[in-house]
Amino acid sequence: MAKNLVIVESPAKAKTIEGFLGKDFLVKSSFGHVMDLSKKKLSVDIEDGFVPKYEISPDKKKIVSELKKYADDAKTVWLASDEDREGEAIAWHLVNALKLDEKKIKRIVFHEITKSAITKAIENPRGIDKNLVDAQQARRVLDRLVGYELSPLLWKKVKPALSAGRVQSVAVRLIAEREEDINKFKSKSSYNITAKFDINNDFGKSILFAELSKRFNTKNEAIEFLEKCKPAEFTIADIETKPTKKSPAPPFTTSTLQQEASRKLGFSVANTMRVAQQLYESGKITYMRTDSVNLSNLALAMANKEIKESFGEKYAKTRKYFTKTKGAQEAHEAIRPTYFNVKKVEGDNAQKRLYNLIWKRTIASQMSDALLEKTNVTVNISNLKEKFIAKGEVIKFDGFLKVYFETSDQENQEEQKGVLPPLRIGEKLLRNEIIAEEKFTQQPPRYSEASLVKKMEELGIGRPSTYAPTISTILRREYVVKEDKPGIQRNYIFISLKKDSITDEIKIEKSGYEKAKLFPTDIGILVNKFLLQYFDNIIDYNFTASVEKEFDEIAEGQKIWNEMIGEFYGPFHNKIDNTLENSKKFSGEKLLGLDPKTGKNIFVKIGRFGPIVQLGETDDDDKPKFAGLKKGQSIETITLEEALELFKFPRNIGKYEDIDLTIAIGRFGPYVMHNKLFYSLAKTDDPTTITQVRAVELIEEKRKKAKENIIREFKEDNSVKVLRGKYGPYLSIKKKNFKIPKEMNPEELTLEDCLKIAEDPKNVPKKRFSKKRK
DNA sequence: CAGTGAGCGAGCTTCCGCTTGACTT
């Protein structure tokens, strides 16, 4: 048995480190935290100093007992979890969970997985930093108190099974407020003037494009300007060139990797992390959950060598980067290739592309600046004081641009700049065409997954390990949805001056197309309103930053952790009690108007199962009539007319096979009901206008599909069927499903085989965690 | 999946941050 046991957080890391250390060292992993508060209960003793009641996490029991065996056999246990708050707590929990003798443990830390860093760490052990552990406890307890007291309040006041927390609720707030800005936004138009000049000088013939420094607010002003251009002379007044340079972006952190993979490769945040994890586990890249832009000295040397060999001496420039991010804990290196001479990796397409991106970004970060020359040409108009400006840009030395160009979210705003033709000051230009085009101001863009991560990082909310899970949480709770929005066609005015005639026409452009953006749902908007009204301090954008400051003070030993929690909890809990007692159910109810037929009020609100319209008063003798909203409708924007439409369901649209066809809107959207069977409408079908012919088509389609999925059926007993499902063939008997043993061929099963399968208990489907529906 | 919109009131839902697998009938 090895004399030394080293425990790190990640198994891939354990494997690498074991290679650096000798035979006397056994390296194992804890797989992250091993102890936590119970999921079932609050597990914080509020009466007695907020002491947390930890337990060994159910999924870690096996690992803990394994580690305990190794630890008992070892002479020294080296606790090598990350050097941050969470890592320190992991080390402390390991001492408790493995019941380690304090004399037997040594705490070591390193920021990079290199042999020299590990050796140095082993030479400089320390004890567990209890202040840092306390800072983690404060963080953990605060999040638990906020999450487990706010969520039940939502269950009572808004809707069951909702959730709220320090991180997720701010993410929802960002998205809800952006939507509000978009709804309030009024597009304004102005006229942008561009000119095309013919050049015919001693350098030869060419063309110059230039833009007027001023925009006009109305069509008349634009035309007036063009009229004045008719007799005008155009002269080059000034040519100004100045050298500039561009520097590369720092290497990737989790957040910047997610952003660039989204923009350049179209990956979702979760997909990026999944692929990065694969690359990490196969040893191709360093750790992918990091907030650090730092590279190890070893990495800097490797990059330098690679650049010199591939691109030449003058392309290499060693650079050190420093983190500006709020609350960064920098326990790891930046995300980089493990070996820079590996330019391509084996694996699937996604792995190849993500690796390529990481390789280029890291290499570029160690390359020299790109040298540019920017030119501004000013063109005078003889009878006006406005000027035309032509801009040009020439790359004198490409530097890092040879391998990598960072994109930005608003890149379509950037005009393309190119090389300008040779020109002289004082030269007269020939007017070819001048154009006035109506341009509209752009509404604020909705968040994508990646731009939401960027914003959260700026606010210091969430950590590299939680960005992706937070997005899945708010999607799973249906606070937001990820969707495409088709653009709308828009007319704009286009005026042209050519020779001596001005023509104007109406052109069509498509605008506002958005792909995979985050939209708030009605329930997301409602929960945000509730929290804003009663707990604005929790979802304040600065809340996390201010508690982080206090956690830092605890880590420094300047504050006692449970005193800090006490100061927060008193007022917070009072507010919970107060809201519980004094506030009514929060349904977002809004009066839309009167029903012209009955004269009763029509309301829109959130019901038990989502947004509904209501005809009549709740406390009336006649029960009110309800109807669910259609997909795409929202309680924020629905009109009285649209609400009246909804009350027309269910509606009869004729007969098929002598049985009524009924259209209605249900839990899962609009459907056709026929002979007590349901047929969902397609997204493109409109339930208000759908025809009998189309409904029959839907029915026949579903019948055909069901037939195709039948592998075996039996004349003797038509309740027994072998069907093709999402996960392969399965057996269905009277709506109960069974697994088919792997050694049996589903195509050849007899009725007897099927009945036998159904009797075997190991084929009975396991009860999956099911979303409770009623 | 299942097509509702309440109050006989069971028992459940929920947080953030560390890690990686198990695997649907």
Side-chain angles (χ1 to χ4, degrees), chain A residues 8-13 29-37 39-43 57 59-60 63 81-82 84-87 89-90 93 136 139-155 159-169 277 280-281 287 289 331 461-467 469-470 473 477 544 587 605-614 618 623-628 649-650 662 664-671 673 678 680 722-732 736-740 757 763-766 768-774:
Chain A
V8 295
E9 292 183 33
S10 142
K13 199 168 170 181
S29 140
S30 75
F31 293 80
H33 276 291
V34 293
M35 295 186 100
D36 193 13
L37 309 173
K39 252 180 130 116
K40 310 254 170 238
K41 291 174 297 193
L42 185 67
S43 304
S57 310
D59 57 327
K60 298 293 166 57
I63 288 143
S81 43
D82 296 345
D84 56 22
R85 217 157 58 200
E86 299 297 329
I90 288 173
H93 283 148
Q136 193 273 347
R139 200 279 303 153
R140 182 68 190 92
V141 168
L142 178 92
D143 283 337
R144 171 54 65 99
L145 292 172
V146 169
Y148 273 41
E149 293 209 355
L150 272 185
S151 301
L153 185 64
L154 289 178
W155 305 341
K159 205 180 136 180
L162 296 176
S163 67
R166 174 176 60 81
V167 173
Q168 59 168 291
S169 297
Q277 175 92 27
Y280 167 66
E281 282 173 10
Y287 197 58
R289 290 185 278 265
I461 296 167
R463 304 276 314 126
S465 66
T466 62
Y467 295 138
T470 300
T473 299
R477 299 263 174 273
T544 291
S587 70
K605 66 179 189 184
I606 298 268
R608 270 242 292 175
F609 306 105
I612 50 173
V613 282
Q614 174 183 328
T618 318
K623 273 198 167 181
K625 234 182 122 184
F626 297 98
F649 296 103
T662 311
I665 297 177
R667 170 83 178 81
F668 302 99
Y671 63 92
M673 185 150 74
F678 299 97
S680 291
V722 180
L723 301 173
R724 202 184 317 279
K726 210 161 65 174
Y727 313 110
Y730 67 99
L731 174 63
S732 166
K736 272 192 168 170
N737 297 334
F738 301 92
K739 197 154 54 179
I740 298 173
I757 289 171
N763 295 322
V764 176
K766 280 173 216 140
R768 297 219 338 128
F769 63 98
S770 59
K771 268 198 263 174
K772 277 227 173 163
R773 297 264 181 243
K774 173 116 196 175

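Numbers restart at 1 for each chain; the letters A, B, ... are given by sequence-line order, proteins then strands.
No donor-acceptor pair under 3.5 Å is formed between the side chain of A/T466 and the backbone N or O of A/G462. Proximity of a side-chain donor or acceptor of A/Y148 to a complementary backbone N or O of A/K39 within less than 3.5 Å is detected. A donor-acceptor pair under 3.5 Å is formed between the side chain of A/S29 and the backbone N or O of A/F31. A donor-acceptor pair is defined here as one N or O able to donate and one able to accept, closer than 3.5 Å; no such pair exists between the side chain of A/S81 and the backbone of A/V8.
Here A/P624 lies out of heavy-atom contact (under 4.0 Å) with every strand.
For A/S29, no side-chain nitrogen or oxygen approaches OP1 or OP2 of B/dT20 to under 4.0 Å.
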Q. Where does DNA chain B pair, written as one dot-bracket string 5' to 3', with Watson-Crick or G-U pairs under 3.5 Å, ( ) inside the strand, [ ] for crossing pairs and | for another strand?
A. .........................
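Residues passing the side-chain hydrogen bond (donor to acceptor under 3.5 Å, both in side chains) test with A/R139, sequence neighbours excluded: A/E86, A/D143.
Between the C1' atom of B/dC12 and the CG atom of A/L154 lies a distance of 16 Å, rounded to the nearest Å. For the pair A/I606 CD1 and B/dT4 C1', the interatomic distance rounds to 15 Å; values are reported in whole Å.
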Q) If the sugar-phosphate is the primed atoms plus P, OP1 and OP2 and the base is the rest, what is the B/S/- string for nucleotides 13-18 of chain B, using protein heavy atoms under 4.0 Å? A) BBBBBB
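Proximity of A/R289 to A/D82: side-chain heavy atoms (C-beta onward) are nowhere separated by under 4.5 Å.
A pairwise comparison of heavy atoms in A/Y280 and A/S10 identifies OH-OG, 2.7 Å as the closest pair. Closest heavy-atom contact between A/G32 and A/K60: C-NZ, 4.5 Å.
Separating the P atom of B/dT25 from that of B/dA2 is a span of 15 Å, rounded to the nearest Å. Taking the C1' atom of each, B/dT24 and B/dC1 are spaced 15 Å apart, rounded to whole Å.
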